[in-house]
Amino acid sequence: MRSNTNYNRYSTAAIAVAVTAMMPAAVLSFSPASPSDSRPNPTSANTQQSLSAAPMEMTKARPSPVVVSEEAEALSHSETTMKLSPSFELFQMLTEEEGGVVPETVSGNAQRDGSVVQSSLLLDKEKTMEDTLKGLQLAEYEGLGGKKKITHLPDPFKIVEKELQPFSDSIKELVSTDQPILSMAAKHFFEKRHGKRFRPTIVQLMAKAVAGAYPEQKASGEGDAAGVWQWSGASTVEVEGGVVTPDNHQGSEVWRRQAQLGQIVEMIHVASLIHDDVLDEADTRRGGEAVHKLYSNKVAVLAGDYLLARASVLLARLENTAVVQIMATALESLVAGEIMQLKSAPEALLEMESYLRKSYYKTASLICYACRSTALLGGHTYDSTVATACEEFGFHLGLAYQIQDDILDFTAAATVLGKPALADMDLGLSTAPILYAAQEFPHLRPLVMRRFKKQGDKQEALETLYKSDVAMDKARALAKFHAQKAVDALLRLPESESRNALVRLTHAVITRKK
């Protein structure tokens with residue numbers, strides 16, 4: 001019942017986004033994604049038992065959670081509408097040692113030649129200096145095994161501090177309502193100024209970073225007369241010279257829309273937190289009481305719904321149909337992640353790839369889609385080198401962030417985290433540290449498959465994890481893998497203060513203690 005409620009809530013919001021977005025605009029044409037496999041049948045007790053004794057298959061890909069049926073999806077598409085592929089079908093999820101592979105080249109990841117951006121796309125044609133961060137390896141820096149100091153790179157939060165300073169006040173105005181209780185609940189996180197506005201900071205820095213590159217042009221004779229879908233989706237840029245540059249970006253209409261996207265992303269994120277806290281019956285969030293504890297479940301659900309509705313309206317006002325669909329897909333991904341978390345088959349709970357897909361849906365999807373949308377609002381086409389680098393960065397950063405979060409669930413106190421420690425195990429969820437421990441100690445596998453429901457399961461899992469010599473190190477290595485991939489994607493963009501600040505932000509994500 002809970003999963004249906006959550007599904008309906010986000011689906012309604014996604015529909016609202018699509019409906020409010022019906023405005024005159026160029027329609028995009030995207031190649032169709034591969035159809036999903038059918039949902040696996042639940043396994044019998046005997047099958048589960050045999051699975052628990054068998055080696056874990058790290059490369060076995062599970063089908064994505066079905067949110068909309070293929071038939072319904074087909075009815076809503078034509079040859080000219082966008083068909084997005086999930087980022088985990090575009091970019092690598094696991095290391096080669098763990099069976100990970102680089103996905104085949106398709107729409108969404110085709111333009112990944114960093115030399116294109118570094119040479120022909122540099123706005124300042126006089127710049128001939130080599131990228132000072134070329135070949136950067138995070139392992140060379142303090143906190144990750146090296147001796148270099150990351151502080152020589154720009155502080156990401158200080159760069160956008162002044163721009164985000166009025167963030168709380170302006171976003172409170174955007175979510176105001178005539179209903180006092182609903183208004184107070186919706187404004188709760190924004191009033192308290194909790195957190196560092198991680199997602200708006202990423203959007204703001206990315207907006208500045210992509211302003212340093214010329215939009216790519218379609219090669220002469222490429223495609224048919226109707227145009228090529230790869231070169232669609234960019235917002236019409238109304239600035240002096242017709243191209244966004246670091247000189248004309250600040251204060252422009254492009255800058256305003258990108259900043260508003262940051263607010264939209266934060267609204268969606270906060271709404272998902274409010275709803276998740278109701279589903280998970282959490283008492284605290286970001287160091288304070290959860291909204292449903294302050295008011296009631298009904299008020300919390302309505303507050304989350306209201307934030308999603310406001311985000312939908314503001315999203316439509318960005319006047320870019322491609323961005324609307326991309327961000328609506330991010331909403332759908334949140335639903336998919338919640339369903340996957342609640343309804344995964346027992347054997348899927350043992351698979352690292354399944355865990356990473358769930359992490360993508362629940363965390364990374366919103367970040368990576370926001371990053372690509374930022375590029376589109378800056379005048380870059382959907383499949384450009386710049387937009388692709390943005391999404392790839394967001395995908396890997398989001399996964400690194402979630403893996404580090406899951407590590408901290410076992411290593412940091414609740415007072416530091418701002419939420420209950422071991423919350424995932426209380427919900428019956430297994431994250432990277434436990435999954436690696438289960439690879440080393442097969443007796444953990446039945447406990448994972450039954451979601452630690454029996455008395456003593458959680459204690460047994462914890463004791464086994466702390467007994468392991470490799471589980472936590474492997475989890476940290478996976479976070480580092482994704483962080484390095486995020487940096488590699490960033491380095492395909494022209495060097496700038498903002499891009500380098502994003503490198504430092506990536507380092508902070510996997511070295512943070514809370």
Side-chain angles (χ1 to χ4, degrees), residues 25-26 111 114 116-129 131-132 154-167 170 197 199-218 231-265 314-315 317-323 326 370-391 393-394 490-503 505:
Q111 309 297 328
V116 174
V117 178
Q118 294 292 348
S119 56
S120 63
L121 297 188
L122 277 174
L123 284 171
D124 187 353
K125 299 298 183 179
E126 300 301 318
K127 282 186 178 179
T128 56
M129 293 178 61
D131 192 331
T132 61
D155 186 318
F157 297 103
K158 284 187 177 179
I159 289 179
V160 297
E161 184 178 20
K162 290 183 179 179
E163 295 172 43
L164 291 182
Q165 206 161 24
F167 180 87
S170 60
R197 304 299 178 214
R199 288 158 186 81
T201 296
I202 293 172
V203 171
Q204 206 77 357
L205 288 171
M206 189 60 76
K208 294 175 181 295
V210 300
Y214 273 121
E216 295 157 78
Q217 300 298 318
K218 182 174 66 174
W231 308 104
S232 301
S235 286
T236 300
V237 174
E238 298 177 356
V239 295
E240 185 179 351
V243 176
V244 180
T245 70
D247 295 329
N248 65 19
H249 179 244
Q250 184 81 24
S252 68
E253 181 63 15
V254 172
W255 175 84
R256 186 196 65 78
R257 289 180 179 179
Q258 290 169 326
Q260 188 155 61
L261 175 64
Q263 294 177 321
I264 291 166
V265 170
L314 296 172
L315 187 55
R317 290 176 184 165
L318 296 179
E319 299 183 65
N320 184 312
T321 309
V323 170
I326 290 169
C371 287
R372 193 183 281 260
S373 295
T374 301
L376 266 61
L377 292 173
H380 298 276
T381 55
Y382 176 85
D383 211 31
S384 64
T385 305
V386 170
T388 300
C390 289
E391 180 174 340
F393 163 74
L490 276 178
L491 295 183
R492 297 205 299 272
L493 300 176
E495 183 167 14
S496 66
E497 182 185 44
S498 298
R499 189 210 67 171
N500 292 355
L502 285 168
V503 172
L505 182 66

>> Distance check, rounded to the nearest 0.5 Å: Ile326 atom CD1 versus Asn320 atom CG?
In response: 7.5 Å
>> Treating Asn248 as the side-chain partner and Glu240 as the backbone partner, does any N or O pair qualify as donor plus acceptor under 3.5 Å?
In response: yes
>> Using every non-hydrogen atom in the two residues, find where Thr381 and Ala234 come nearest and quote the distance to one decimal.
In response: N-CB, 3.9 Å
>> How close do Arg499 and Leu493 get, counting heavy atoms only, and between which atoms?
In response: NH1-O, 3.0 Å
> What's the spacing between Arg197 CZ and Ile202 CD1 if we round to 0.5 Å?
Replying inline: 13.5 Å
>> For a side chain to side chain contact (heavy atoms under 4.5 Å, CB included) check, start with the C-alpha distance between Gln263 and Gln260, then their side-chain angles and the critical distance, and finish with the verdict.
In response: CA-CA 5 Å; Gln263 294 177 321; Gln260 188 155 61; 4.0 Å; yes
> If we only count heavy atoms from C-beta on, is the Pro200 to Val265 side-chain gap below 4.5 Å?
Replying inline: no
> What are the two closest heavy atoms between Pro494 and Gly212, and how far apart are they?
Replying inline: CG-O, 3.5 Å
>> As a quick check of understanding, evaluate side chain to side chain contact (heavy atoms under 4.5 Å, CB included) for Leu490 and Met206, giving each step before the final call.
In response: CA-CA 10 Å; Leu490 276 178; Met206 189 60 76; 4.2 Å; yes
> Going through the distances and angles, do Val210 and His380 end up as a side chain to side chain contact (heavy atoms under 4.5 Å, CB included)?
Replying inline: CA-CA 8 Å; Val210 300; His380 298 276; 4.1 Å; yes
> So which heavy atom on Ala501 is nearest to which on Ile159, and how close?
Replying inline: CB-CD1, 3.5 Å
> Stepwise, does the side chain to side chain contact (heavy atoms under 4.5 Å, CB included) test hold for Phe157 with Leu505?
Replying inline: CA-CA 9 Å; Phe157 297 103; Leu505 182 66; 3.7 Å; yes
> At what distance, to the nearest 0.5 angstrom, does CD of Glu391 lie from OG1 of Thr374?
Replying inline: 11.5 Å
> Under the 3.5 angstrom rule, does the side chain of Ser252 hit a backbone N or O of His249 as a donor-acceptor pair?
Replying inline: yes
> Under a 4.0 Å N-O cut-off, is there an ion pair linking Glu161 with Lys158?
Replying inline: no
> Which pair of heavy atoms, one from Lys208 and one from Ser498, lies closest together, and at what distance?
Replying inline: CB-OG, 3.0 Å
> From Thr236 OG1 over to Glu253 CD, what is the distance, rounded to the nearest 0.5 angstrom?
Replying inline: 11.5 Å
> Roughly how far apart are Arg372 CZ and Ser384 OG, rounded to 0.5 Å?
Replying inline: 7.5 Å
>> Is any side-chain heavy atom of Leu315 closer than 4.5 Å to one of Val323?
In response: yes
>> Looking at Gln111 and Thr388, would you say the former's side chain and the latter's main chain have a donor-acceptor pair under 3.5 Å?
In response: no
>> Nearest 0.5 angstrom please: Asn500 CG to Asp131 CG, how far?
In response: 7.0 Å
> Taking all atoms of both residues into account, what is the closest heavy-atom pair of Ala387 and Tyr382, and its distance?
Replying inline: CB-O, 3.4 Å
> Glu495 side chain to Thr132 main-chain N or O, any donor-acceptor pair under 3.5 Å?
Replying inline: yes
